[in-house]
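Here the structure comes first, spelled out in structure tokens, and everything after it is commentary.
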2 protein chains.
Amino acid sequence: MSAVKNGVTQTSAASHAPVIGGTRYKEVKNGILAALSAKEWKGGEAIPSEKKLSERFGVSIGTLRKAIDELVADNILVRHQGLGTFVAQHQRDRYFFRFFRVVRQDGDKTYPTVTHMSFARAKASREVAAALGIEPGARVFSFVNRLALHGETVMIDSITVAEERFAGLTEAALRERPSTLYNFYQDAFHINVVGTEERLRVVTANETDAELLDVPQGTPLLEVRRIAYSYHQEPVELRISHVNTARYEYVGPSASHEEPI
Amino acid sequence: MSAVKNGVTQTSAASHAPVIGGTRYKEVKNGILAALSAKEWKGGEAIPSEKKLSERFGVSIGTLRKAIDELVADNILVRHQGLGTFVAQHQRDRYFFRFFRVVRQDGDKTYPTVTHMSFARAKASREVAAALGIEPGARVFSFVNRLALHGETVMIDSITVAEERFAGLTEAALRERPSTLYNFYQDAFHINVVGTEERLRVVTANETDAELLDVPQGTPLLEVRRIAYSYHQEPVELRISHVNTARYEYVGPSASHEEPI
DNA sequence: AAGTGGTCTAGACCACTAC
DNA sequence: TAGTGGTCTAGACCACTTA
């Protein structure tokens, strides 16, 4: 009896997977992403073992592993042999240089010294609203950081986030954060930055730039416009950086391990 | 008898894999990379079927597939269901925008119109030699392209390659190439560009820049210094681009699918 | 010793492409 | 119809971590 020779009829529905997708492992991947979005597991926490997850989603270990493989490739999960699989967490010594791409022209990488300059509530302009996926006029927080490398002021970051996603953010909390900004987003708001989009162009220093960077007004600077994304491409932060590249430079993409097209 | 309960003792040597690595699938991956470096299969050609390769390397299909999975993730191979697995080939409509990262500020992507400006043989400076991994004083070819987008001149590319890797390169062949430069490298020299490193900074237009880009001398420009790599991180091209970002901009990395650090 | 992820196997069925 | 890659299974053994 039982005509099933091997495994399961792949075309049958996966009753345990909460989110549908073309294939079983995609369903599992989406299911895990959904659980992450629902904050079932937070930054740095371990997710259930492969055995348990394979039972939860009703798939074999191999299929479950393929789903996790992709989430690890996306830097959303981290595996530690013998320990478990964890929600990737931003740390000073981990992931930092994937998002901080300014180095000295001789190649020397160092952590920036951040000075908080200002903090304000404001209403989103049309441009800011489009970048953050919110309504024009919606409330946002804007703050400015000055970054120094090797003791030299190198760049100014102007950062904007939506108030609805960062409810209760205060200048004091920002000033007193113990680690990186993206780590702070995780710990205080359970917002996980997993990707960015950046566009670069040349601009000239305005009055504020000139003062903060200690360069003459009109000095050419590198402008980096970044949108940071959480799961499912949800935009969570707009950041405009002005970089003095007299002795520093920006490290571009490596064009391998890069998305197709 | 035969105490082997399941599969093979993983620790035993893989006698068929020509290159050793920590695990079987890494050995297979290195073996395929070695065959590619030896030009056993050229750009655009199909490699043997998974069945044949698994027999050649003495591993199961699953292990063979894991090796190929990584090579596909590295954009070195391309799979086509029902057809086979192929050596990735640079084409106008494929891979082009992974290496060409300048777009109009409204986001519009278009193919550049390339004008060949000059061609020369020269000796490698210390800096060029270091970038290309050759001896200072070794012979190199240098050529300059002017690129226009939407009918407007936007950037100047100064390209240098080692004569020992591009023996017989002529200005005529360059001018008459039918497709992209990296496709030309593949077809004419069997050199496969699979990755790049880029550093960006702001410069001001020198006399040549000003003339070719039709901007005043001293205009701030974006400088992109790229080293292009073939298999095994072999540097094969140095390219210095000067970009007028008045109406265009540079698309940075996306910081997902990116190598760790 | 128990539990976790890491590697590997052997084979089934599906989807697609070419002839 | 034959051949290819794509998905999935069920389970073994290895390596690592914690206790």
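Any value given below was found using the heavy atoms of this structure, including those in side chains, with hydrogens, waters and symmetry copies removed. Bear in mind the structure is a predicted one, so any value in this text is a computation, not a measurement. In what follows, chains are A, B, ... by sequence order, proteins preceding strands, each numbered from 1.
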message: Looking at Arg225(B) and Glu249(A), is there a salt bridge between them, counting it only when a charged N and a carboxylate O are closer than 4.0 Å?
response: no
Between P of dT7(C) and CG of Asp69(B), the distance in whole Å: 12 Å
message: Exactly one of Tyr185(A), Phe99(A), Phe96(A) should register a ring-ring contact (aromatic ring centres under 6.0 Å, His included) with His90(A). Which one does?
response: Phe99(A)
query: Any Lys/Arg nitrogen of Glu198(B) or Arg101(A) sitting under 4.0 Å from an Asp/Glu carboxylate oxygen of the other?
result: no
query: In whole angstroms, how far is the P atom of dG6(C) from the NZ atom of Lys26(B)?
result: 13 Å
query: Given dT4(C), dC8(D), dC8(C), which nucleotide is nearest the side-chain atoms of Arg24(A)?
result: dC8(D)
task: Quickly work out the Lys51(B) NZ to dG5(D) P distance and round it to whole Å.
output: 12 Å
- request: Provide, to the nearest angstrom, the distance between the CD1 atom belonging to Ile61(A) and the P atom belonging to dC8(C).
  value: 17 Å
field: From CA spacing to verdict: salt bridge (Lys or Arg N to Asp or Glu O under 4.0 Å), Asp69(A), Lys66(B)
entry: CA-CA 11 Å; Asp69(A) 281 347; Lys66(B) 181 152 183 177; 5.7 Å; no
- request: Figure out the CG/P separation between Leu71(B) and dG5(D), and round it to whole Å.
  value: 14 Å
message: Nearest to the Glu50(B) side chain among dT9(D), dG5(D), dT9(C), which nucleotide is it?
response: dG5(D)
query: Picking from dT9(D), dT4(D), dT4(C), which would you name as closest to the side chain of Lys52(A)?
result: dT4(C)
- prompt: Atom NZ of Lys66(B) and atom C1' of dG6(D): how far apart are they, to the nearest Å?
  reply: 17 Å
- line: Ranking dC8(C), dG5(D), dC8(D) by distance to the side chain of Ser49(B), first place goes to dG5(D)
query: Rounded to the nearest Å, what distance is computed from the CG atom of residue Leu53(B) to the P atom of nucleotide dG5(D)?
result: 8 Å
- request: Figure out the CD1/P separation between Ile68(A) and dT7(C), and round it to whole Å.
  value: 14 Å
- prompt: Arg65(B) side chain: which of dG6(D), dT9(D), dT4(C) is closest?
  reply: dG6(D)
message: For a quick test of reading the model, state the closest non-hydrogen atom pair linking Leu149(A) to Pro112(A) and the distance between them.
response: CD2-CA, 3.6 Å
- request: May I ask you to check whether Asn192(B) and Ser230(B) show a side-chain donor-acceptor distance below 3.5 Å?
  value: no
task: Please work out which residues in residues 77-88 of chain B have a non-hydrogen atom less than 4.0 Å from an atom of DNA chain C and list them by number.
output: Gln81(B), Gly82(B), Leu83(B)
field: Side-chain N or O of Ser60(B) closer than 4.0 Å to phosphate OP1/OP2 of dT9(C)
entry: yes
- prompt: Nearest 0.5 Å, what's the CG-CD1 distance between Leu238(B) and Ile134(B)?
  reply: 10.0 Å
